[in-house]
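Below: one structure, written as structure tokens.
Counting starts at 1 for both ligands and their atoms, in listed order.
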Amino acid sequence: MKVFLNPGHAPNGQPDPGAVNEETGLRECDVALAVGKAVASYLNAVGVETELLQSDSLHEICETANSSGADYFISIHCNSADSPAALGTETFCYPGSTNGYKLAGCVQQQIIDAMHTVDRGVKEAVPGKNGLYVISNTDCPAILVELAFISNDHDESLLAMKQDEFAAAIARGVTDFQIIS
Ligand SMILES: [Zn+2]
């Protein structure tokens with residue numbers, strides 16, 4: 001089994017750091033990369049092969065993933081909202097993808113269990129409506145995890161302090177999925 005990991009946004013935030021917490025300066029691109037690298041090492045430790053790419057080019061990400069031989073694709077992001085009260089975790093999958101939905105559910109549940117945060121659920125990213133490029137343009141079952149809201153004080157501290165726990169939860173979600181699939 002091989003998992004392609006895509007930490008969201010551009011390496012070193014150039015040109016796109018993703019969402020940034022205005023008070024602390026915590027950047028989505030940095031959280032996503034740290035979590036993605038840790039997911040890779042947790043998965044490698046249990047015999048799951050990984051490949052990781054963070055890139056500003058969504059096209060490059062999908063091309064690389066599609067030629068990588070990966071069985072599953074996981075994109076890692078932080079959420080953000082105008083309302084500072086919005087918080088919690090949600091995971092997107094492609095509509096109608098049975099394995100995508102199952103994998104999303106396993107990862108979502110492990111993060112909720114580990115973080116005791118608000119469960120915003122597994123959601124379908126519907127092309128033309130709320131579609132997500134990396135989910136729509138990857139060949140294998142693909143999910144996009146919104147770890148927590150970088151714009152919320154409580155979630156921001158989780159994203160700053162609990163990167164390793166987020167990563168372990170994602171890796172456990174993958175191994176849970178291996179068992180049920
Ligand atoms: Zn993002």
Side-chain angles (χ1 to χ4, degrees), residues 3-40 50-65 70 72-95 100 103-104 107-108 110-112 115 117-138 141-167 169-170 173:
V3 175
F4 194 95
L5 297 163
N6 164 234
H9 306 281
N12 300 315
Q14 301 296 327
D16 166 31
V20 180
N21 184 288
E22 286 175 15
E23 280 169 36
T24 66
L26 187 69
R27 303 191 302 175
E28 181 182 359
C29 61
D30 299 322
V31 174
L33 183 60
V35 171
K37 283 181 173 174
V39 173
T50 57
E51 183 169 335
L52 182 146
L53 177 64
Q54 184 177 45
S55 168
D56 194 48
S57 166
L58 299 179
H59 178 76
E60 182 195 10
I61 292 161
C62 295
E63 290 267 289
T64 308
Y72 299 98
F73 176 96
I74 301 177
S75 192
I76 299 167
H77 286 255
C78 305
N79 225 330
S80 178
D82 289 337
S83 165
L87 81 173
T89 302
E90 60 196 30
T91 305
F92 289 90
C93 63
Y94 193 76
L103 176 61
V107 168
Q108 174 75 14
Q110 282 289 352
I111 294 176
I112 297 305
M115 297 296 159
T117 183
V118 173
D119 185 356
R120 301 172 67 94
V122 171
K123 300 179 176 178
E124 292 185 332
V126 183
K129 193 174 148 212
N130 64 337
L132 295 165
Y133 188 94
V134 294
I135 288 186
S136 301
N137 292 281
T138 37
I143 68 170
L144 186 147
V145 188
E146 296 278 11
L147 300 171
F149 279 76
I150 206 165
S151 48
N152 173 271
D153 285 348
H154 172 263
D155 273 14
E156 191 271 350
S157 64
L158 293 179
L159 291 167
M161 308 300 291
K162 305 256 181 197
Q163 294 172 358
D164 194 63
E165 288 87 341
F166 274 112
I170 293 171

Heavy-atom check, side chain of Pro141 versus side chain of Tyr94, under 4.5 Å: no
Candidate list Asp30, Ile76, Asp16, test side chain to side chain contact (heavy atoms under 4.5 Å, CB included), partner His9, passing option: Asp16
All side chain to side chain contact (heavy atoms under 4.5 Å, CB included) counterparts of Val122, not counting sequence neighbours: Cys93, Tyr101, Ala104, Gln108
Which protein N, O or S atoms does the Zn ion (ligand 1) have within a distance shorter than 2.8 Å? His9 NE2, Glu28 OE2, His77 ND1
Sidechain-backbone polar pair: Thr89 side chain, Ala148 backbone, donor-acceptor under 3.5 Å: no
Just wondering, are more than 12 heavy atoms of other shown residues or ligands nearer than 6.0 Å to NZ in Lys37? no
Is it the case that more than 12 heavy atoms not belonging to Asn12 sit under 6.0 Å from its CG atom? no
